[in-house]
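What follows is a short report on a single structure.
When reading the values below, keep in mind they use all heavy atoms of this one structure, side chains included, and skip hydrogens, waters and symmetry mates. Naming convention: chains lettered A, B, ... in sequence-line order (proteins, then strands); numbering from 1 in each chain.
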2 protein chains.
Amino acid sequence: MARKQAADLMLRLDNQICFAIYSTAHAFNRVYKPLLDRLGLTYPQYLVMLVLWERDDVPVKDIGERLFLDSGTLTPLLKRLEAADLIKRTRSTEDERQVLIALTSQGQALREKARSVPQSILAASACSIGELSAMKNEIVALRDRLNAVLGE
Amino acid sequence: MARKQAADLMLRLDNQICFAIYSTAHAFNRVYKPLLDRLGLTYPQYLVMLVLWERDDVPVKDIGERLFLDSGTLTPLLKRLEAADLIKRTRSTEDERQVLIALTSQGQALREKARSVPQSILAASACSIGELSAMKNEIVALRDRLNAVLGE
DNA sequence: GATTATTATATTGCATGCAATTCAATTGCG
DNA sequence: CGCAATTGAATTGCATGCAATATAATAATC
């Protein structure tokens, strides 16, 4: 009977860390929205740009591994970024299966406008960098354990 | 110059807690997938069922406030749950603007099958209940601060 | 009590995510 | 070398999320 009650408790929405994560992801998205609107980006597009601002001329696969996204998500997203003149998609000559993603000059330039975004997010989170960093590390560790289970 | 470098560091993908949250949400979703497939539910549908298992016969609005979702998301989702015979949607007689959501007997019964889900998730997270609960509280506090900014 | 404002839900359009499939290119292996 | 297996993208279909709008019902205000 005690075991049954424990199972009931665990089914409560507010006791589930997955819902905490889920709802916080959406809250972040809503905070980002007005900031990214000014850049003409959606949040997933912003993530792709973050990857490219770190390193350019990478195959779609690499971006996908970095962001945990597959081609079904990335292909149309990248086409929209290309239509916005932020990136260029080129079939690799080395390996014609790969499509290399490079920033255009506009894509490079957008980085300057994006520099203030993290500050705004930090302010909205009303949290010190140290606290956020500690939380981030815990969450990433959790994510990696979940992904490890999936790889089995 | 130091300030510029700090802004650059903050633009790094791996330094952003939002990406930690975002990618962990997707990792959770992938871990849940096979478990929820057995129940015939998607993850957002599972969240709605969690709400309803706690309290029945509630208007769409209440579910939305609980899950931070609007009618644009909930209406079609609820129609799919109704098509699956898990819930019933009824226009309230008290206030005809409202649609009340009630569980069917099958919706009630599904709770028994769902009881084992949280245990499986706990196992996949490879974490103690205490640690998870502490993380959850921190994340919820962050979410609430973000939502507070949005309300301004 | 009539008019206006607000509220609850529904609808439309767009951008993810992801499973499943397809297709072309490359790798492996005998 | 020749062929099967694998790989990287693209495509299709379905289910979110959310902004913007529509609509009907209730509340508020004069």
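Listed for the A/R30 side chain is no donor-acceptor partner under 3.5 Å among the backbone atoms of B/L150. The main-chain N or O of B/V140 is never found under 3.5 Å from a side-chain atom of B/N137 such that the two would form a donor-acceptor pair.
Atoms OH (A/Y32) and C1' (D/dC18) sit 18 Å apart, rounded to a whole Å. Rounded to an integer number of Å, the gap from B/I101 CD1 to C/dA10 C1' is 13 Å. Separating the CG atom of B/D37 from the P atom of C/dA19 is a distance of 9 Å, rounded to the nearest angstrom. For the pair B/K33 NZ and C/dC18 P, the interatomic distance rounds to 11 Å; values are reported in whole Å. Atom P of nucleotide C/dG17 and atom CG of A/L150 are separated by 17 Å, given to the nearest angstrom.
At the phosphate of D/dA24, neither OP1 nor OP2 sits under 4.0 Å from any side-chain N or O atom of B/Q98. Within the structure, every side-chain polar atom (N or O) of A/Y22 is placed at least 4.0 Å from both OP1 and OP2 of D/dT16.
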Which parts of nucleotides 22-29 of chain C does protein reach within less than 4.0 Å, heavy atoms only, written one letter per nucleotide 5' to 3' as B for base, S for sugar-phosphate only and - for none?
---BS---
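B/D14 and A/R66 are joined by a salt bridge, as a carboxylate oxygen and a charged side-chain nitrogen come within less than 4.0 angstrom of each other. Checked for salt-bridge contact, A/R89 and A/E82 meet the test: a charged N lies under 4.0 Å from a carboxylate O.
Residues that satisfy the ring pair (Phe, Tyr, Trp, His ring centres under 6.0 Å) test with B/Y46, not counting sequence neighbours, are B/Y32. Partners of B/Y22 under the ring pair (Phe, Tyr, Trp, His ring centres under 6.0 Å) rule, at least two apart in sequence or in another chain, are A/Y43, B/H26. Applying the salt bridge (charged side-chain N to carboxylate O under 4.0 Å, His left out) criterion to B/R80, with sequence neighbours excluded, gives no partner residue.
Here the side chains of B/W53 and A/R12 are not in contact, with every heavy-atom distance at 4.5 Å or above. By the 4.5 Å heavy-atom criterion applied to side chains, B/S23 and A/L67 are not counted as neighbours. Residues B/L142 and A/M135 form a side-chain contact, since some pair of their non-hydrogen atoms from C-beta on lies under 4.5 Å apart. By the 4.5 Å heavy-atom criterion applied to side chains, A/N147 and A/R143 are counted as neighbours.
For the segment residues 48-82 of chain A, residues with any heavy atom less than 4.0 angstrom from an atom of DNA chain D are, sorted by number, A/P59, A/V60, A/K61, A/S71, A/G72, A/T75, A/K79. Contacts between residues 24-31 of chain B and DNA chain D, defined by a heavy-atom separation below 4.0 Å, involve no residue at all.
With the nearest nucleotide of DNA chain C identified for both B/L100 and A/Q45, B/L100 has the one nearer the 5' end.
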